[in-house]
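Heads up: the structure comes next, in structure tokens.
Numbering of ligands and ligand atoms starts at 1, following listing order. Residues: numbered from 1 along the sequence shown.
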Amino acid sequence: LKEDLALPVGTTLDRFIMRKQEDFPYATGELSQLLRDIALAAKIVNRAINHAGLTDIGGAYGKQNVQGEDQQKLDVVANIRFIRALRNGGEVCAIISEEEDEMILTGNHKGKYIVAIDPLDGSSNIDVNVSIGTIFSIYRRVTELGTEATLEDCFQKGTEQVAAGYIIYGSSTMLVYTTGNGVNGFTYETSLGEFFLSHPNITIPRTGNIYSVNEGGFNHFPERIKHYVELCRVRNYAARYIGSLVADFHRNLLKGGIYLYPNTLKAPGGKLRLLYECNALSFIVEQAGGKASDGRQRILEIQPSDLHQRCTFYIGSTEMVEEVESLLVARE
Ligand code: AHM
Ligand code: MG
């Protein structure tokens with residue numbers, strides 16, 4: 001009995017979303033429904049990931065996405081699941097996905113929202129059982145309701161996000177999101193099939209001693225980034241790099257640290273994508289008290305002009321990101 005009573009009970013994601021909605025008397029509930037649609041797709045994707053080793057769903061799909069990267073079967077499954085959930089939910093008029101060249105029109109002209117999503121980030125890690133994630137940004141459309149969405153709806157700055165979040169499929173599965181009023185994290189309880197509030201009001205430490213960067217590219221980093229990495233080494237910081245953005249970000253969010261993806265030989269303008277990777281995490285980090293920059297400006301203020309545009313990315317504890325920024329400015 002004791003053990004059973006010790007099992008976690010608490011606020012479910014659904015109840016939390018509903019309560020938050022009550023805090024905003026003019027909210028119509030559509031955004032809440034949209035968040036619930038994402039959570040449902042996340043549960044389905046979580047199931048697929050957990051079965052990956054058993055169902056021959058791991059491995060390459062044999063095609064490449066628009067960016068020339070090999071698609072994994074699970075990438076494709078996750079893409080289909082999220083698109084289906086968002087289309088069926090009815091709140092979304094257009095979707096931008098890492099896996100699709102063009103914006104996807106859902107046919108829901110009355111949907112108020114645009115979603116940008118990386119359905120399965122870090123997919124090169126799937127086959128080796130390392131944490132992967134989903135990243136999403138939600139915007140309100142700017143074109144008239146009832147008409148077809150256009151690229152104008154997609155090319156909004158990150159500052160215009162109304163909600164953003166990620167799901168980490170890790171040693172436990174978590175959903176972390178913000179609607180611009182702090183950051184909250186929910187852990188998935190598999191036997192009940194529910195996300196429970198486990199990390200209320202997440203804040204990132206102002207500084208930390210973890211740096212996360214693919215140091216294999218060091219020789220081709222810009223000099224000033226090399227200098228920062230050398231400073232981290234001299235200070236005996238811990239180098240932690242999973243190669244799954246969500247997992248690296250999540251750890252640094254909770255513990256304090258910085259994630260860096262500078263321009264490199266292979267990725268001259270940076271590797272990570274503004275619309276469905278960087279903006280969401282930048283909104284979250286700022287809401288948690290941290291910072292995100294491309295080295296010159298706040299990520300959230302970059303004006304997008306391409307669905308799949310990339311940027312350099314420095315994100316994490318405020319003092320650490322500011323140090324990188326000041327090095328970059330000082331040496332220009
Ligand atoms: P993906 O969206 O194709 O999975 O690529 C993004 C991933 C991030 O999760 C990760 O931080 C980064 O690529 C790793 O890149 P690298 O292997 O160059 O360090
Ligand atoms: Mg990705």
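- Side chain of Thr134 to backbone of Pro119: a donor-acceptor contact under 3.5 angstrom is found.
- With respect to Glu91 and Lys112, no salt bridge is recorded, no charged nitrogen being found less than 4.0 Å from a carboxylate O.
- Taking only nitrogen or oxygen atoms, main chain and side chain alike, Ser124 does not reach within less than 3.5 Å of ligand 1.
- Residue Leu272 places no N or O, backbone or side chain, under 3.5 Å from any N or O of ligand 1.
- The closest heavy-atom contact to atom 11 (O) of ligand 1, among the options Tyr261, Tyr259, Tyr276, comes from Tyr259.
- An N or O contact shorter than 3.5 Å is missing between Ser244 and ligand 1 by distance.
- Of all the heavy atoms of Lys266, none lies under 4.0 Å from any atom of ligand 1, so neither backbone nor side chain is involved.
- Here is the list of ligand 1 atoms found below 4.0 Å of a heavy atom in Glu98: 1 (P), 2 (O), 3 (O).
- By the 4.0 Å heavy-atom criterion, Arg273 is counted among the residues contacting ligand 1.
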Inset, instruction - Let me see the working for Asp294 and Tyr314 under side chain to side chain contact (heavy atoms under 4.5 Å, CB included), right down to the final yes or no. - result: CA-CA 6 Å; Asp294 71 351; Tyr314 307 104; 5.6 Å; no
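- Annotation: angle subtended at the Mg ion (ligand 2) by Glu277 OE2 and Glu98 OE1 is 90°, to 10°.
- Ligand 1 has a nitrogen or oxygen under 3.5 angstrom from a nitrogen or oxygen of Leu245.
- Within ligand 1, counting atoms from 1 as listed, the ones closer than 4.0 Å to a heavy atom of Asp118 are 2 (O).
- Near Ser123, meaning under 4.0 Å from one of its heavy atoms, ligand 1 places the atoms 4 (O).
- When each atom of ligand 1 is checked for a heavy atom of Asn214 under 4.0 Å away, the hits are 16 (P), 17 (O), 18 (O), 19 (O).
- Salt bridge absent: Glu323 and Arg224 never bring a charged side-chain N and a carboxylate O closer than 4.0 Å.
- Salt-bridge check for Glu160 with Lys157: failed, with every basic side-chain N at 4.0 Å or more from each acidic carboxylate O.
- Taking the N/O/S atoms of Asp121 in turn, the shortest distance to the Mg ion (ligand 2) belongs to OD1.
- Both tests pass for Arg233 against the ring of Phe218: distance under 6.0 Å to the centre and angle within 45° of the axis.
- Ile135 and Leu307 are assigned to two separate hydrophobic clusters, defined by single-linkage of ILVMFWY side chains at heavy-atom distances under 4.5 Å.
- Under the 4.0 angstrom criterion for non-hydrogen atoms, Asp248 is not in contact with ligand 1.
- Close contacts of ligand 1 with Glu277, meaning ligand atoms under 4.0 Å from a residue heavy atom, involve 2 (O), 6 (C).
- Look at Glu325 and Lys291 and you find a salt bridge, because one of the NZ, NE, NH1 or NH2 atoms lies within 4.0 Å of a carboxylate O, short of that distance.
- Atom NZ of Lys226 is surrounded by more than 12 heavy atoms from other residues, nucleotides or ligands within 6.0 Å.
- Grouping the Ile, Leu, Val, Met, Phe, Trp and Tyr side chains by contacts below 4.5 angstrom, directly or via other members, places Val45 with Ile126.
- Looking only at N/O/S atoms, Asp118 comes nearest to the Mg ion (ligand 2) through OD2.
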